[in-house]
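In each ligand, atom 1 is the first atom listed, and ligand 1 is the first ligand listed. Sequential numbering from 1 along the given sequence is applied to the chain's residues.
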Amino acid sequence: MQVDVVTIFPDMVRHALDEGIIGRAVDREVVDITVRDLREYTTDRHRTVDDVPFGGGPGMVLKPEPLFRAVAAIQAERGAADAVVLMSPQGRALSHAEAARFSGMQRLIVISGRYEGVDERVVEALVTDEISIGDYVLTGGELPALVFVDAVVRLVPGVVGDRQSVAEDSFAAGVLDHPHYTRPAEFEGRAVPAVLLSGHHAEIEKWRRRERLRRTLERRPDLLERAGELEPADRAVLDELRKQQG
Ligand code: SAM
């Protein structure tokens with residue numbers, strides 16, 4: 001997968017992507033993530049990327065020309081993108097399902113907005129998907145772009161070593177993850193559930209499945225309403241947990 005992130009603050013994005021699992025995936029060439037400085041696609045002496053809004057009002061707007069040039073240059077170099085994503089609080093909410101959909105693509109261009117946003121003609125002509133990371137407004141699209149790239153890239157096969165861990169994380173199978181414990185077995189009077197120390201793999205798995213369902217029922221019952229694919233054994237556990245809940 002090739003990802004190009006377009007931003008006016010390339011260092012902010014680069015530094016975050018250099019670290020951890022995503023940084024290692026780039027080093028191992030499982031994914032290619034290139035951060036592009038929008039100012040490189042300007043033509044004036046001052047490398048201007050923004051201008052005042054037509055109609056007046058506060059703030060500035062990212063000009064169309066540098067963004068059009070950036071997207072054209074990236075596609076000339078890489079080939080046509082499968083998606084040109086604009087990070088926007090007005091976009092579709094990022095979810096596991098959205099991240100999984102993008103993770104199956106080969107070439108993504110991600111645009112980080114700034115100021116009041118981008119000139120609407122960029123949205124009309126270039127952008128295929130507007131994606132929001134939540135119902136709040138940040139000062140710029142760099143953090144949203146990082147959230148988006150991380151969520152998408154970690155689902156690309158080979159990025160996270162243990163595929164099972166990704167498959168069992170919250171949302172991947174429609175429910176939340178179970179609680180996790182490590183050593184010591186007792187800490188400040190709090191003991192790890194005995195079953196986890198038993199070495200009995202079938203019982204441990206049963207406990208984990210039950211905890212996944214219990215947590216989801218307590219914290220995110222809306223997920224269970226959508227989880228039509230629950231196995232019969234899970235449905236029986238869920239019925240029992242619901243009865244206990246009253
Ligand atoms: N005027 C815009 C509005 O009210 O919809 C907000 C612009 S915001 C200050 C600047 C940029 O930050 C946006 O263009 C977008 O790229 C990014 N941004 C801010 N909040 C975001 C969110 N919740 N999800 C995705 N991107 C966001």
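- Residues satisfying the salt bridge (charged side-chain N to carboxylate O under 4.0 Å, His left out) test with D11, not counting sequence neighbours, are R14.
- Of the candidates H96, Q164, R154, R154 is the only one forming a side-chain hydrogen bond (donor to acceptor under 3.5 Å, both in side chains) with D169.
- Between F102 and F148, the ring planes are perpendicular. Angles over 60° get that label, and only those under 30° would be called parallel.
- Residues that satisfy the side chain to side chain donor-acceptor pair (under 3.5 Å) test with E188, not counting sequence neighbours, are absent from this structure.
- For the residue pair R220 and S170, no side-chain donor N or O sits within less than 3.5 Å of a side-chain acceptor on the partner.
- Remark: R92 pairs with E98, D129 by the salt bridge (charged side-chain N to carboxylate O under 4.0 Å, His left out) rule, at least two apart or across chains.
- Ordered by chain and residue number, the residues placing a heavy atom less than 4.0 Å from ligand 1 are M87, S88, P89, Q90, G113, R114, Y115, E116, G117, I131, S132, I133, G134, Y136, V137, L138, T139, G140, G141, P144.
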